[in-house]
Amino acid sequence: MLLTHEGRSPSVHPTAYVAPNATLCGDVRVGAGCRVLFGAVLTAENGPVELGEGCIVMENAVLRGTRRDPLVLGRQVLVGPTSYLTGCRVEDEVFLATGSRIFNGARIGTRSEVRINGIVHLRTVLPADSTVPIGWVAVGDPARILPPEDHNGIWEVQKELDFPGYVFGLDRPGEGQSLMPAISERFGRSLGRHSDDHQI
């Protein structure tokens with residue numbers, strides 16, 4: 001399904017394949033020889049999504065561009081099934097395995113691997129030829145690659161990256177308070193702009 005969003009429409013190179021039940025919404029550019037498989041969602045939320053030549057996006061992956069951070073894949077990148085990428089830049093020949101999660105402002109260097117259920121956190125820079133092991137977390141610039149059970153080590157770096165400020169423009173709340181009412185209102189308003197989308 002191809003959808004126009006805020007006046008911008010997807011473009012798909014004639015040599016690319018997009019599965020009939022994949023969804024491309026807004027300023028999405030699919031390069032030569034790419035393959036976007038069943039159930040994948042590529043959505044430009046006020047920032048483009050761009051796939052370089054020969055990329056493969058597997059089943060049920062979600063790729064989301066944002067106003068602050070477009071989503072850009074270099075050449076010959078593989079995005080595994082059920083992976084989630086938002087507002088990140090991935091250089092050439094990167095392997096993102098099943099269930100990988102790449103967050104806003106992250107950059108992944110050439111020939112890197114993020115293995116099954118690996119995470120590259122907000123604003124993290126992963127150098128070329130890096131590996132994030134199965135289920136591990138890369139966080140910071142330069143990246144520290146930590147096991148998921150090292151919550152204190154991850155939080156030590158992650159706290160300064162300011163997820164609520166960077167992604168939602170909100171201050172982290174005090175003890176006993178929640179960000180969710182403000183996130184729900186602000187993010188919901190932004191997502192509500194899809195009500196004017198139309199199928200091409």
Side-chain angles (χ1 to χ4, degrees), residues 1-92 94 96 98-108 119-123 163-170 179-200:
M1 181 181 298
L2 304 180
L3 297 167
T4 294
H5 178 63
E6 299 202 320
R8 295 185 179 270
S9 299
S11 66
V12 178
H13 192 276
T15 63
Y17 168 75
V18 176
N21 69 339
T23 300
L24 278 56
C25 180
D27 188 9
V28 175
R29 300 169 225 152
V30 178
C34 289
R35 306 293 183 251
V36 179
L37 296 186
F38 302 93
V41 176
L42 284 63
T43 181
E45 303 288 347
N46 305 308
V49 173
E50 182 176 341
L51 276 57
E53 181 179 351
C55 289
I56 298 171
V57 178
M58 299 292 287
E59 293 86 354
N60 300 312
V62 176
L63 283 67
R64 182 184 301 274
T66 70
R67 182 182 314 251
R68 173 176 270 177
D69 296 300
L71 192 149
V72 179
L73 303 186
R75 292 179 292 105
Q76 296 159 335
V77 173
L78 189 146
V79 179
T82 71
S83 293
Y84 178 83
L85 285 65
T86 182
C88 58
R89 180 172 294 272
V90 179
E91 295 180 3
D92 299 343
V94 168
L96 304 174
T98 299
S100 54
R101 305 288 186 254
I102 318 297
F103 288 97
N104 306 62
R107 296 196 311 272
I108 299 182
I119 296 169
V120 180
H121 220 295
L122 177 87
R123 300 166 66 187
F163 191 96
Y166 190 83
V167 175
F168 299 110
L170 297 169
L179 272 173
M180 290 315 301
I183 288 174
S184 178
E185 189 278 327
R186 185 173 292 194
F187 199 36
R189 186 173 59 239
S190 174
L191 293 173
R193 291 197 292 263
H194 283 290
S195 61
D196 295 327
D197 294 354
H198 63 273
Q199 191 169 351
I200 300 169

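By convention here, the first residue in the shown sequence is residue 1.
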**Q** Any idea which heavy atoms bring Leu122 and Tyr166 closest together, and the distance?
**A**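 Scanning both residues completely, I find the closest heavy atoms to be CD1-CD2, 3.4 Å.
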**Q** Taking side chain to side chain contact (heavy atoms under 4.5 Å, CB included) as the definition, give me every residue that meets it alongside Asn60, ordered by chain and number, with sequence neighbours left out.
**A**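 Counting only residues at least two positions away or on another chain, Asn60 forms a side chain to side chain contact (heavy atoms under 4.5 Å, CB included) with Thr82.
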**Q** Do Ile108 and Val77 come close enough that some side-chain heavy atom pair is under 4.5 Å?
**A**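 Counting from C-beta outward, Ile108 and Val77 never come under 4.5 Å.
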**Q** Which heavy atom of Leu179 sits nearest to which heavy atom of Pro164, and what is that distance?
**A**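 Smallest interatomic distance, heavy atoms only, reads CD1-CB, 3.4 Å.
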**Q** Using every non-hydrogen atom in the two residues, find where Leu170 and Ala182 come nearest and quote the distance to one decimal.
**A**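 Heavy atoms of Leu170 and Ala182 come nearest at CD1-CB, 3.8 Å.
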**Q** Side chains of Pro10 and Ile200: closer than 4.5 Å at any heavy-atom pair?
**A**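 Sidechains of Ile200 and Pro10: in contact.
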**Q** Roughly how far, to the nearest 0.5 Å, is the CZ atom of Phe103 from the NE2 atom of His121?
**A**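 Answer for the NE2-CZ pair, His121 versus Phe103, is 6.0 Å.
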**Q** Could you tell me whether Arg75 atom CZ has more than 12 heavy atoms of other residues or ligands within 6.0 Å of it?
**A**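 Open: at most 12 neighbouring heavy atoms sit under 6.0 Å from CZ of Arg75.
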**Q** Determine whether more than 12 heavy atoms belonging to other residues, nucleotides or ligands lie under 6.0 Å from atom CZ of Arg8.
**A**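 No, CZ of Arg8 has 12 or fewer neighbouring heavy atoms, counting only those of other groups under 6.0 Å.
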**Q** Looking only at heavy atoms, which two atoms of Ala61 and Gly80 are closest? And how far apart?
**A**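 Ala61 and Gly80 have their closest heavy atoms at CB-O, 3.8 Å.
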**Q** Does the side chain of Ser11 reach to within under 4.5 Å of the side chain of Val30, using non-hydrogen atoms?
**A**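 No. Closest side-chain heavy atoms not under 4.5 Å.
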**Q** May I ask you to decide if Ser184's main-chain N or O and Arg186's side chain share a donor-acceptor pair within less than 3.5 Å?
**A**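 No; judged by distance alone, with no hydrogens or angles, the pair does not exist.
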**Q** Taking all atoms of both residues into account, what is the closest heavy-atom pair of Glu91 and Val94, and its distance?
**A**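 Nearest pair, atom of Glu91 first, then Val94: O-CG2, 3.2 Å.
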**Q** Distance check, rounded to the nearest 0.5 Å: Thr98 atom OG1 versus Leu78 atom CG?
**A**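 Nearest 0.5 Å value for the OG1-CG distance: 8.5 Å.
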**Q** Kindly compute the distance separating CG (Leu63) from CG (Leu71), expressed to the nearest 0.5 Å.
**A**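 The CG atom of Leu63 sits 5.0 Å away from the CG atom of Leu71.
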**Q** Using a 4.5 Å cut-off on heavy atoms from C-beta on, say whether the side chain of Cys25 contacts that of Asp197.
**A**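 Sidechains of Cys25 and Asp197: in contact.
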**Q** Anything under 3.5 Å between a donor and an acceptor, one on a side chain of residues 36-55, the other on a protein residue two or more places apart or in another chain? List them.
**A**
residue	atom	partner	partner atom	Å
Thr43	OG1	Glu45	OE2	3.1
Glu45	OE1	His194	NE2	3.0
Glu45	OE2	Arg64	NH1	2.9
Glu45	OE2	His194	NE2	2.8
Asn46	OD1	Arg193	NH2	3.3
Glu50	OE1	Arg29	NH1	3.3

**Q** Mind checking the CG-CD spacing from Leu2 to Gln199? Nearest 0.5 Å is all I need.
**A**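 If I round to the nearest 0.5 Å, the distance is 7.5 Å.
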**Q** Roughly how far, to the nearest 0.5 Å, is the CG atom of Asn104 from the OG1 atom of Thr86?
**A**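 Here the interatomic distance stands at 4.0 Å.
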**Q** Any side-chain heavy atom of Leu73 sitting closer than 4.5 Å to one from Leu85?
**A**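 Leu73 reaches Leu85 side chain to side chain.
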